[in-house]
Number of protein chains: 2
Amino acid sequence: MNDKADLVSPKSRYEDLKKALKSSGLKLTKQRKAVLNALAGSDDHPDANQLHRRTQTIDKSVSLATVYRTMTELENNGVIHRLSFQGEPARFEAADTPHHDHIIDIDSGDVIEFQSEKIERLQAEIARELGYEVVHHRLELYCSKTVK
Amino acid sequence: MNDKADLVSPKSRYEDLKKALKSSGLKLTKQRKAVLNALAGSDDHPDANQLHRRTQTIDKSVSLATVYRTMTELENNGVIHRLSFQGEPARFEAADTPHHDHIIDIDSGDVIEFQSEKIERLQAEIARELGYEVVHHRLELYCSKTVK
DNA sequence: ATAACTGCAAAAGTTTTGCTACCAA
DNA sequence: TTGGTAGCAAAACTTTTGCAGTTAT
C-alpha cells in the first residue's frame with residue numbers, strides 16, 4: 001500500500017494534473033483526460049504499456065503513441081517525472097508529490113519512496129567541491145528485505 | 001583526463017580483464033581479446049557502438065553482437081558494470097576500480113567519478129529503517145559547472 | 001478558423017537471438 | 001573432439017515520427 005497516494009484521492013489528483021496540463025498550454029482532449037485519469041488512479045509507477053492498458057479501460061480509442069506524446073509533453077513541463085530504472089522501460093509518476101528517491105525491491109519489483117535531506121545536502125556538497133552544481137539527480141537503492 | 005584510468009596502464013588493465021574473463025570460465029577468443037583491449041584502453045564509459053568501433057580498430061572482424069554478448073557475460077560475472085544513464089544507451093566500465101558514483105555534466109556529457117563513504121552509510125541506514133538491505137545502488141548527479 | 005492533436009503504421013534505435021560454421025581447450 | 005563462440009541477419013522491444021484527418025479553443 002502506498003501512503004502518499006492515499007493521502008489524496010484519485011479524483012483530486014486528476015484535478016491537479018488537469019490544471020497542470022492546462023497551465024502548460026496544452027489542450028484538454030478526451031484522450032488526455034483518459035490518460036490523466038489512469039495516471040491519477042495509479043499508486044505505483046506504471047510504464048507506457050501499463051499506462052496505456054489502464055487508459056484503455058477508460059477510453060478504448062487512446063493509442064500508445066498518445067500516451068507517449070502526452071508523457072513527453074508533461075515531462076517537458078515538469079508535470080510528471082520519467083523514471084528509468086536499470087534495464088526496464090521508462091516509468092512515469094506525477095510530479096506533484098514532494099521530492100523523493102526510490103528503493104527498488106529486487107525480489108518483488110516493488111518501488112518504495114523515501115526522502116533524505118541529509119543525502120541531498122551531501123550530494124550538493126560533493127558536487128560543489130568538484131566545481132559543479134546539481135541540477136537533478138537519481139538515487140536508486142536496489143534492495144532485498146531484511147531477514148529478521 | 002581521468003586520473004583513475006591513468007593510475008594503471010591499458011596493458012595492465014587488459015591483463016586484469018583477461019584474467020577475470022578466464023576465471024569466469026569463458027574462452028579467450030581473438031574477438032574477446034580485441035574487445036577487452038578496447039575496453040582497457042578506454043578511460044571514459046563507452047556505449048556498445050563506441051566500444052564496437054574501438055574494437056574494430058584492433059580487429060575488423062568483430063561484430064556488434066559479440067560486443068553485446070561479451071558485455072553481458074562479463075556483467076553476469078561481475079567483471080564489468082553496465083551503466084544506464086537517463087535516456088541514453090547503456091555504457092560499460094571495468095569493475096576493477098573501487099566503488100564510485102557518477103556526476104554527469106549535462107552540458108558537455110562528461111562523466112566524473114566520485115566516492116562518498118558518508119552517502120554510502122546514509123543509504124544503508126535509510127534502507128535498514130525501512131526493513132531493507134542495499135544490494136546495489138545507483139547515484140547519478142546531473143550537474144552543470146559552477147560559474148565563479 | 002486554425003493550430004494543436006489524434007490514430008495508424010512505419011521508422012528509428014538499442015539489444016537479443018536463431019542459425020550455421022568455426023575454433024579454443 | 002566438442003561445447004562454447006562467432007558473424008550475420010532477423011527479431012524483439014521501446015520510443016518516436018510522418019501523414020492525413022479531427023478537434024478544442
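Per chain, numbering begins at 1; letters A, B, ... match sequence-line order.
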| Is it true that A:Tyr68 and A:His52 have ring centroids separated by less than 6.0 Å? | no
| query | For the pair made of CD in A:Gln86 and C1' in C:dT15, what is the distance, rounded to whole Å? | reply | 14 Å
| request: Round to the nearest Å and state the distance from A:Gln31 atom CD to C:dA4 atom P. | output: 17 Å
| message | What's B:Arg32 touching, base or sugar-phosphate or nothing? Going by heavy atoms closer than 4.0 Å. | response | sugar-phosphate
| Closer than 4.0 Å, any side-chain N/O of B:Thr72 to the OP1 or OP2 of C:dT15? | no
| request: Ignoring hydrogens and angles, state whether a donor on the side chain of A:His45 or A:Glu93 is under 3.5 Å from an acceptor on the partner side chain. | output: yes
| task | Figure out the CG/C1' separation between B:Leu74 and C:dT15, and round it to whole Å. | result | 16 Å
| said: In whole Å, I'd like the distance from the CE atom of B:Met71 to the C1' atom of C:dT16. | reply: 15 Å
| request: Go through C:dA9, C:dT14, C:dA25 for me and flag the one nearest to the B:Asn49 side chain. | output: C:dT14
Listing, residues 26-33 of chain B side-chain donor-acceptor contacts under 3.5 Å, not counting sequence neighbours, or none:
{"residue": "B:Thr29", "atom": "OG1", "partner": "B:Arg32", "partner atom": "N", "Å": "3.1"}
{"residue": "B:Lys30", "atom": "NZ", "partner": "B:Ser61", "partner atom": "OG", "Å": "3.4"}
{"residue": "B:Arg32", "atom": "NH1", "partner": "B:Lys27", "partner atom": "O", "Å": "2.9"}

| query | In whole Å, what is the span from the NZ atom of A:Lys60 to the P atom of C:dC8? | reply | 13 Å
| request: Examine the side chains of A:Thr146 and B:Arg128 and answer whether a donor and an acceptor come within less than 3.5 Å of each other. | output: no
| 5'-most by nearest nucleotide on DNA chain C - B:Ala48 or B:Leu28 | B:Ala48
| Spacing between B:Leu83 atom CG and C:dT14 atom C1', to the nearest angstrom | 16 Å
| said: Below the 4.0 Å mark, does C:dT16 have OP1 or OP2 next to a side-chain nitrogen or oxygen of B:Tyr68? | reply: no
| message | Under 4.0 Å from a heavy atom of chain B: give me the 5'-most and 3'-most nucleotides of DNA chain D that qualify. | response | D:dG3 to D:dC8
| A:Lys33 has an atom NZ; how far is it from atom C1' of C:dC5, in whole Å? | 14 Å
| Aromatic plane relationship, A:Tyr142 with B:His136 - under 30° parallel, 30 to 60° tilted, over 60° perpendicular | parallel
| query | 5'-most contact on DNA chain D: B:Glu73 or A:Thr29, nearest heavy atom basis? | reply | B:Glu73
| remark: Between B:Ala90 and A:Gly25, whichever has its closest DNA chain C nucleotide further toward 5' is A:Gly25
| query | Do A:His81 and A:His100 touch side chain to side chain, with heavy atoms closer than 4.5 Å? | reply | no
| said: Is any side-chain heavy atom of A:Phe92 closer than 4.5 Å to one of A:Leu74? | reply: no
